[in-house]
Colleague: 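My questions will all concern the structure given below.
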There are 2 protein chains.
Amino acid sequence: MSRQNDLFKKTVNQLLHNISLNMSLDDIIENDSAIAKQLEVSRSTARKTIEHLISLKVIIKQDSQRIIACLPTEQMYFDLQDVGPPKEEQVEKYFLDAILSGKIKPGDHFSELELARQSGCNTIAVREFLIRFSRFGLIEKEPRSQWQMKTFDRAFVDQLFEVRHLFEMHALSRFMSLDDHNPQWPKLQQLLDDHRTLKKHLATKFQDFSKLDQRFHDLLQAAYPNQFIHQFYEIISFVFHYHYQWDKGDERERNTVAINEHIEIISHMLLKDLMGATVSLERHLSTAKRSLLNTALYTKSSE
Amino acid sequence: MSRQNDLFKKTVNQLLHNISLNMSLDDIIENDSAIAKQLEVSRSTARKTIEHLISLKVIIKQDSQRIIACLPTEQMYFDLQDVGPPKEEQVEKYFLDAILSGKIKPGDHFSELELARQSGCNTIAVREFLIRFSRFGLIEKEPRSQWQMKTFDRAFVDQLFEVRHLFEMHALSRFMSLDDHNPQWPKLQQLLDDHRTLKKHLATKFQDFSKLDQRFHDLLQAAYPNQFIHQFYEIISFVFHYHYQWDKGDERERNTVAINEHIEIISHMLLKDLMGATVSLERHLSTAKRSLLNTALYTKSSE
DNA sequence: TAATTGATTTTTAATAATAAAAAACATATA
DNA sequence: TATATGTTTTTTATTATTAAAAATCAATTA
């Protein structure tokens, strides 16, 4: 068996849909370059699609023009139920589920084949995902397609926060050195307002906090973007996402604390009070670390 | 065609070698588990190897024992000339060569297939290498197996050194906080001595400096190892290696300057003079940055 | 002669196939 | 009955194959 012609099928469905929406009997369809562009595929695929519609008699050729002969019916559409999401995402989803649900525990070994079978993908897709994922430092390759889930231990958290601390403090001091007319300042003010708004509706919308959190950290970095720091933050945010997945219990309290800490930091920043902001950030980081450690330890003991 | 039985051939050669070295006619060979262990292969492979030697009449079976019937001759060995190094390394070597020699220039696009053909590997090996390599931030994946070599520009160097600066200063201050009895101190003293020794023979041995450089930075980190920082240093050392490959011209002067800077830093450290060490390290980092920028710019303009 | 169409070639993505190598199992021998 | 040997099954790594999709080229028409 060779690859599936999903793109072709999807394109056929798309074109049928477009016709039934926008066209009527005897309309002339556009040239195939235009259609290709519209459907965002190559002309070859567009062409094959049109030919398919000709074979379905939806389109007929008349003196070198192609016109609509009959409007699409339900049965003409391909059933794309089984196509599913890209393999890529499929492995990712399965794998993250597996570690989040504890199916794969820290220290465990697992094989590519195993994962491929369980996630319904081929081993290559799995392996490429794992190689990409390995940069997070949570898994390690071993000989013969074996991998090991590294232990998520105290040392890992310590190291993670050591770097995070360095980066955030650095980002803070750089931000504070921006001159008064820099457009980042009004953005920071806006962010503070948004924090206050959310704080009022925290009872119901406490889950919206993660977006604010993201915005805050992005804004801090935005003044002097750095790809290496950015890369590190991907790890951070994965690890947090990874851990708090389990532990939805005290999410609300956690967010309440964090939102107040953010407000404190931002307020100091807006007052150009570097010292105060530093102290607040320091506190914020240690809260975050403590909270992560709690979750991590809780998880470990519940195995 | 399916995979090559290189391991089998290699094992045959190994066993033939072992026999001609250690055994003589009519000796009894060990059981196959032992041989497998010796040759570091599975018993299946060991078995197949022994059977092959039986078919070559080097070994014959005699009442459930296997004895040496004749000693190996040259012709029995497999020719492993064409086996070559693992595909993995092959791609790596080719790819690094290509970027070092300027065949692939910053900003260039290249395809997996192209690289596979040129390096004599399959596309999968290539792709996996590229995925792994991409964590250095020097290449980026694009749709349809295309990749782009990112431009090695001023911004890249700035970002690299921004992080390096943070990490080295941090490492320095942590190191300085070690108590007097910590075993790292004598190591540092030793390193200083080695620097001084090398300095005397710098005229001839200036290339040995890179080892000292490595040792110095490793020692700084060793006090508090951190996998994220370590990961970053892999990028750093790759980038340096990558760039100085071109520019062997002033290697000697560069190393002379660097060795003096190291000596200065270490001396301050041993005197527990954090301030002095910091200043020296600051200078060392800016020399390194300037030097890298020179090389990078020189390269760019010579395209 | 510019734009469209038709045909061909190249490249890419995926599975299938095959053999190597490892592991598991069963048998035999001391 | 423990250990070594022989056999079978499973897993892994690599190439071949196939079709999708893109890109290129050639021809045709307006």
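Because only heavy atoms are used, hydrogens play no part in the values below, and waters and symmetry mates are left out as well, while side chains stay in. Numbers restart at 1 for each chain; the letters A, B, ... are given by sequence-line order, proteins then strands. Everything numeric here is computed off the predicted structure, so don't read it as measured data.
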Colleague: How long is the line joining CZ of B/Phe8 and P of D/dT14, in whole Å?
Modeller: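 For the pair B/Phe8 CZ and D/dT14 P, the rounded distance is 18 Å.
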Colleague: With side chains defined as the heavy atoms from C-beta onward, is the minimum distance between A/Phe228 and B/Phe156 less than 4.5 Å?
Modeller: yes
Colleague: Between B/Leu7 and A/Arg66, which has a closest nucleotide on DNA chain C that is more 5'?
Modeller: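 Nearest-nucleotide comparison on DNA chain C picks A/Arg66.
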Colleague: Mind checking ring pair (Phe, Tyr, Trp, His ring centres under 6.0 Å) for B/Tyr77 and listing every partner two or more places apart, or none if nothing turns up?
Modeller: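 Counting only residues at least two positions away or on another chain, B/Tyr77 forms no ring pair (Phe, Tyr, Trp, His ring centres under 6.0 Å).
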Colleague: How would you list, by chain and number, every residue that makes a salt bridge (charged side-chain N to carboxylate O under 4.0 Å, His left out) with B/Arg66, sequence neighbours excluded?
Modeller: B/Asp32
Colleague: If only atom types and distance count, is the side chain of A/Gln159 paired as donor or acceptor with the main-chain N or O of B/Gln227 below 3.5 Å?
Modeller: yes
Colleague: Below 4.5 Å, heavy atoms only, C-beta onward: do A/Ser210 and A/Phe240 meet side chain to side chain?
Modeller: no
Colleague: With sequence neighbours excluded, what pairs up with B/Asp158 under the salt bridge (charged side-chain N to carboxylate O under 4.0 Å, His left out) test?
Modeller: B/Arg154, B/Lys289
Colleague: Does a side-chain N or O of B/Thr45 approach OP1 or OP2 of C/dA22 to a distance below 4.0 Å, or not?
Modeller: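 Checking B/Thr45 against C/dA22: at least one side-chain N or O falls below 4.0 Å of OP1 or OP2.
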Colleague: Check this for me: does the side-chain of A/Ser44 come within 3.5 Å of the base of D/dA23 through a donor and an acceptor?
Modeller: yes
Colleague: What's the CG-C1' distance between A/Leu130 and D/dT12, to the nearest Å?
Modeller: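 These atoms are roughly 15 Å apart.
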Colleague: Rounded off to whole Å, could you give me the CH2-to-P distance for the A/Trp147 and D/dT12 pair?
Modeller: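 These atoms are roughly 14 Å apart.
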Colleague: Do other residues, nucleotides or ligands put more than 12 heavy atoms under 6.0 Å from the CD atom of B/Glu140?
Modeller: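 No - once you tally the heavy atoms of other residues, nucleotides and ligands closer than 6.0 Å, there are 12 at most.
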Colleague: Return the value, rounded to whole Å, for the distance between atom CD of B/Gln65 and atom P of D/dT5.
Modeller: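 Going from B/Gln65 (CD) to D/dT5 (P), I get 9 Å.
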Colleague: Establish, with yes or no, whether the OP1 or OP2 oxygen of D/dG6 is under 4.0 angstrom from a side-chain nitrogen or oxygen of B/Lys61.
Modeller: yes
Colleague: Using rotation axes that map the C1' atoms of four end pairs onto the next four (five pairs an end), what angle separates the end axes of the helix from C/dT1-D/dA30 to C/dA30-D/dT1, to 10°?
Modeller: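 If I round to tens, the end axes sit 0° apart.
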Colleague: In chain order, what residues pass the ring pair (Phe, Tyr, Trp, His ring centres under 6.0 Å) check against B/Tyr94, with sequence neighbours excluded?
Modeller: none
Colleague: Establish, with yes or no, whether the OP1 or OP2 oxygen of D/dA21 is under 4.0 angstrom from a side-chain nitrogen or oxygen of A/Ser42.
Modeller: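 So the side chain of A/Ser42 is outside the cut-off, no N or O lying under 4.0 Å from OP1 or OP2 of D/dA21.
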Colleague: Can you tell me how far P of D/dA4 sits from CD of B/Gln38, to the nearest Å?
Modeller: 14 Å
Colleague: Of the residues in residues 46-60 of chain B, which ones touch DNA chain C at a heavy-atom distance under 4.0 Å?
Modeller: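 The stretch gives B/Lys48 as the residues lying under 4.0 Å from the strand, ordered by number.
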Colleague: Start with the C-alpha distance between B/Leu130 and B/Leu115, add both sets of side-chain angles, then the distance that settles side-chain contact (heavy atoms from CB on, under 4.5 Å), and finish with yes or no.
Modeller: CA-CA 10 Å; B/Leu130 292 174; B/Leu115 217 60; 4.1 Å; yes
Colleague: Under the ring pair (Phe, Tyr, Trp, His ring centres under 6.0 Å) rule, collect the residues that match up with A/Tyr233, sequence neighbours excluded.
Modeller: none
Colleague: I'd like a list of close polar pairs between nucleotides 25-28 of chain D and the protein, N/O only, cut-off under 3.5 Å.
Modeller:
none

Colleague: Between B/Phe110 (CZ) and C/dT12 (P), how many Å, whole number?
Modeller: 12 Å
Colleague: For the pair made of CD in B/Gln62 and C1' in D/dT5, what is the distance, rounded to whole Å?
Modeller: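 B/Gln62 atom CD is separated from D/dT5 atom C1' by 17 Å.
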Colleague: Does B/Glu30 have any salt bridge (charged side-chain N to carboxylate O under 4.0 Å, His left out) partners at least two apart in sequence or in another chain, and if so, which?
Modeller: none
Colleague: Taking ring pair (Phe, Tyr, Trp, His ring centres under 6.0 Å) as the test, write out the residues that go with A/His217, two or more places apart.
Modeller: A/His262
Colleague: Applying salt bridge (charged side-chain N to carboxylate O under 4.0 Å, His left out), can you list everything that pairs with B/Asp27, at least two apart in sequence or on another chain?
Modeller: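 Listed in chain order: nothing, the list is empty.
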Colleague: Heavy atoms within less than 4.0 Å of DNA chain C: which residues of residues 22-32 of chain A have one? Give them sorted by number.
Modeller: A/Asn31, A/Asp32
Colleague: Can you tell me the distance, in whole Å, between the NZ atom of A/Lys37 and the P atom of D/dA22?
Modeller: 15 Å
Colleague: Think B/Lys48 forms a cation-pi with B/Phe8, using NZ or CZ under 6.0 Å from the six-ring centre and within 45 degrees of its axis?
Modeller: yes
Colleague: If you pin A/Ser111 and B/Ser33 to their nearest nucleotides in DNA chain D, which one's is more 5'?
Modeller: B/Ser33
